[in-house]
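Contents: one structure, followed by commentary.
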Amino acid sequence: MFVFTLCLFLWSGLSSIHGLEFRYHNSMEMEQYLKDVNRRFSDITHLHSIGQSVEGRELWVLILGQHPREHRTGIPEFKYVGNMHGNEAVGRVLLLQLIDYLTSSYLSDPLVTHLLNSSRVHILPSMNPDGFESSARECTNTKGRYNKNGVDLNRNFPDVFESTTDREREKEVRAVMDWLKTESFVLSANLHGGAVVASYPYDNSNGGSELQGGLSISPDDDVFVHLAKTYSYNHTDMHNGTGCSDSQDFSQGITNGYHWYPLPGGMQDYNYVWAQCFELTLEISCCKYPPETQLPGLWAANKPALLAYMQQVHLGVKGVVMDSYGKPVQNAVVEIAERRNICPFRTDRNGEYYRLLLPGNYTIKVTNPGHKTLTQTVQVPYGPSAFSALTQNFLLQNSDYSSTATQLPQSCTTPDPVIQESDSATLLPSVFTTLTLFFLQRLLMLS
C-alpha cells in the first residue's frame, strides 16, 4: 500500500512539473489527479462529488474560479461534461487537459485569467466511469458505451416531447439532475466522439410547431446556431464540415440535433427546457477511442474552441429581480418578447436571471404574483468581448389587483428522478438505522 501511494504521489508530482501526460488515465488516476490539482490550487479550485455510478465510483466535479466554493451574484455558472458514453474517451482526456491548462495559466494568460475571474467553471470529466473502465480501445466498438446496467445515459433524461417522463432514471442521470437543481447553470456542453460536429437543440420533436423543414427549432435558435458556430470556427477543422469518412458532411460543422437524427431522452434538451441552461453536444473526434499518439493533436484542435465557447457565457443580459424592499424575488418569470419558451425562464433562489441573447434590441417582461408587471426595452451589446453580459435589474412594485403572471405549463414542473427498486431497497436499512439511533439516544437521555 505504501509503494502504491508513493507511486501516485510521484505521478502527481511529475504531472505538475511537466504538464499532464497525454494518455488515458483510469478512474483511480483521474481521482488522484483531481485531488492533487485541488490541493495545489486550493484558492481557485473546489473538488466535490455529485454522486456515484452504479458500481460506486464517484462522479467528481472540479470547480474553477475566483470564488470556487460559492456562487456570487452576477457571476455566471458554466459547465463541461465528458465521457457520458464510456467508450467515447477523448472528451475525458481533453477536459483533464483543460483543467491542467486553466490552473497553470491563471494570472499569466490574460484570457484564462479573465475567464476564471468573470465566471465559475464546473468540469465533470467522466459522467460514466463504469463504462469507461469496461471499454475497448477501438474506434467504432460500442463496448463500454452504456453504464453498468446497460443503459444509454443520453436516452435516459426526461423528455418534454414524450408523453411520459416517469421512467426509471439511472444513478448517473439522477446525480446530474440533482446537480442542476443546486446550481443555476447558464451555458454548458457535453463532449462526445464518433463524429466532428457541434449539435444544438432540439434533439427531439413530437411534430408540433417546433418542427420546421426537418429541423426541430427552439425559440432561441439564433443563439444556438451562434454558439455552435463559435465552437466550429474556433476548431481547426470542424468548420470545414467534411465530417468523417464514414459519416455525412455538416455545413459549417454544425447541425440541428433532430435534423441529424431524432434523439429522445437527451441531456442537452433537458438542460435547456427544464434547467434554463443552453447546452450543445460537441462531437470532437471521428474515432471514439483513438490511439494515445493522436491525443496531443486532438487537444491542439479543440483547445481554442473550448476556451472561446466558455467566453460565450457572457452573451445577453443578466440581473436581479427585487421587491419594493430590495429583497430578491425567487421564481419571477423573465420573458423575452417573441421568444415563447416551453418553460419560461425564472429567477433563481438569489433572485437572479441570465438570458443568452445576441446583440440587438429586446423587450423584457417580468411578472410575479402580487406585483405589477414590468416591461423594459434594452439594447444588448456583445458581452463576451467585455467578459460580462449587460446588467439589467428590476424592482417590482406591489399590486392591488390579482396577478397576471405567466402560468407555468404542467410539463414545466421539474421531474423528480425516479428511484429504481434496487436503490429504494438500500434506503430501508438506512432509515431503520437512523430511527434506532434516535430511540437509543432518547433512552440514554431518560436514564
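No hydrogens, no waters, no symmetry mates; every other heavy atom, side chains included, goes into these values.
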The salt bridge (charged side-chain N to carboxylate O under 4.0 Å, His left out) partners of Glu70 (sequence neighbours excluded) come to Arg72
Hey, what do you get for [atom1] ([X]) to [atom2] ([Y]), rounding to the nearest 0.5 Å?
| X | Y | atom1 | atom2 | value |
| --- | --- | --- | --- | --- |
| Asp152 | His85 | CG | NE2 | 3.5 Å |
| Lys318 | Leu357 | NZ | CG | 13.5 Å |
| Glu292 | Arg23 | CD | CZ | 7.5 Å |
| Asn87 | Arg137 | CG | CZ | 13.0 Å |
| Leu59 | Lys171 | CG | NZ | 8.5 Å |
| Leu187 | Phe78 | CG | CZ | 5.0 Å |

What residue pairs, at least two apart or across chains, pass salt bridge (charged side-chain N to carboxylate O under 4.0 Å, His left out) with a residue in residues 206-215?
-> none
Applied to residues 221-244, the salt bridge (charged side-chain N to carboxylate O under 4.0 Å, His left out) test, sequence neighbours excluded, yields Asp222-Arg339
Do the rings of Phe224 and Tyr200 sit parallel, tilted or perpendicular, given the 30° and 60° boundaries?
-> parallel
Would you call the rings of His235 and Tyr231 parallel, tilted or perpendicular if under 30° counts as parallel and over 60° as perpendicular?
-> tilted
Scan for disulfide (SG to SG under 2.5 Å) pairs involving [range], sequence neighbours excluded, and state none if there are none.
| range | answer |
| --- | --- |
| residues 168-235 | none |
| residues 43-84 | none |
| residues 80-135 | none |
| residues 58-122 | none |

Report yes or no: does [X] contribute a side-chain atom to a donor-acceptor pair with the main-chain N or O of [Y] at less than 3.5 Å?
| X | Y | answer |
| --- | --- | --- |
| Glu335 | Arg340 | no |
| Asn350 | Glu352 | no |
| Ser232 | His239 | no |
| Tyr353 | Val333 | no |
| Ser216 | Asn204 | yes |
| Gln311 | Pro384 | yes |

Of [options], the residue whose pairing with [X] passes side-chain contact (heavy atoms from CB on, under 4.5 Å):
| X | options | answer |
| --- | --- | --- |
| Ile99 | Asn38, Leu34, Val121 | Leu34 |
| Trp299 | Leu98, Asp100, Val90 | Leu98 |
| Arg57 | Gln52, Glu133, Lys148 | Glu133 |

Using the side-chain contact (heavy atoms from CB on, under 4.5 Å) rule, take Tyr354 and Phe185 through it: C-alpha gap first, then chi angles, then the decisive distance, then the call.
-> CA-CA 9 Å; Tyr354 293 84; Phe185 289 110; over 6 Å; no
With a 6.0 Å cut-off on ring centres, are Phe41 and Tyr106 close enough?
-> no
Who are the side-chain hydrogen bond (donor to acceptor under 3.5 Å, both in side chains) partners of Asn83, not counting sequence neighbours?
-> Arg92, Ser126
Please list, chain by chain and in numerical order, all residues satisfying side-chain hydrogen bond (donor to acceptor under 3.5 Å, both in side chains) with Asn234, sequence neighbours excluded.
-> none
Indicate whether any N or O donor in one side chain lies under 3.5 Å from an N or O acceptor in the other, for [X] and [Y].
| X | Y | answer |
| --- | --- | --- |
| Glu170 | Asn156 | no |
| Gln312 | His226 | yes |
| Ser184 | His71 | no |

Taking only distance into account, with no hydrogens and no angle test, what donor-acceptor pairs under 3.5 Å do side-chain atoms of residues 278-287 form with protein atoms, sequence neighbours excluded?
residue	atom	partner	partner atom	Å
Glu279	OE1	Lys79	NZ	3.0
Glu279	OE1	Ser188	OG	2.6
Glu279	OE1	Asn271	ND2	3.4
Glu279	OE2	Asn190	ND2	2.8
Thr281	OG1	Asn190	ND2	3.4
Thr281	OG1	Gln268	OE1	2.9
Glu283	OE1	Gly193	N	3.3
Ser285	OG	Cys287	O	2.8

Carefully, step by step, assess Lys288 and Thr140 under the rule side-chain contact (heavy atoms from CB on, under 4.5 Å).
-> CA-CA 6 Å; Lys288 296 181 179 182; Thr140 58; 6.0 Å; no
Is the closest side-chain heavy-atom distance between Leu47 and Thr45 below 4.5 Å?
-> no
Applying side-chain hydrogen bond (donor to acceptor under 3.5 Å, both in side chains), which residue pairs with at least one partner in residues 249-265 are found, sequence neighbours left out?
-> Tyr233-Gln252
Where do Asn154 and Leu263 come nearest, in terms of heavy atoms and distance?
-> O-CD2, 3.1 Å
Return the minimal non-hydrogen interatomic distance between Arg120 and Ile75, and the atom names on each side.
-> N-CG2, 3.8 Å
So does Arg355 pair up with Asp220, basic N to acidic O under 4.0 Å?
-> yes
Verdict with supporting geometry, Leu20 and Tyr101, side-chain contact (heavy atoms from CB on, under 4.5 Å) | CA-CA 9 Å; Leu20 184 64; Tyr101 182 75; over 6 Å; no
side-chain contact (heavy atoms from CB on, under 4.5 Å) between Val176 and Phe157, intermediate numbers included = CA-CA 10 Å; Val176 170; Phe157 281 85; 4.0 Å; yes
Those residues at least two apart in sequence (or on a different chain) that pass side-chain contact (heavy atoms from CB on, under 4.5 Å) with Ser42 are Arg69
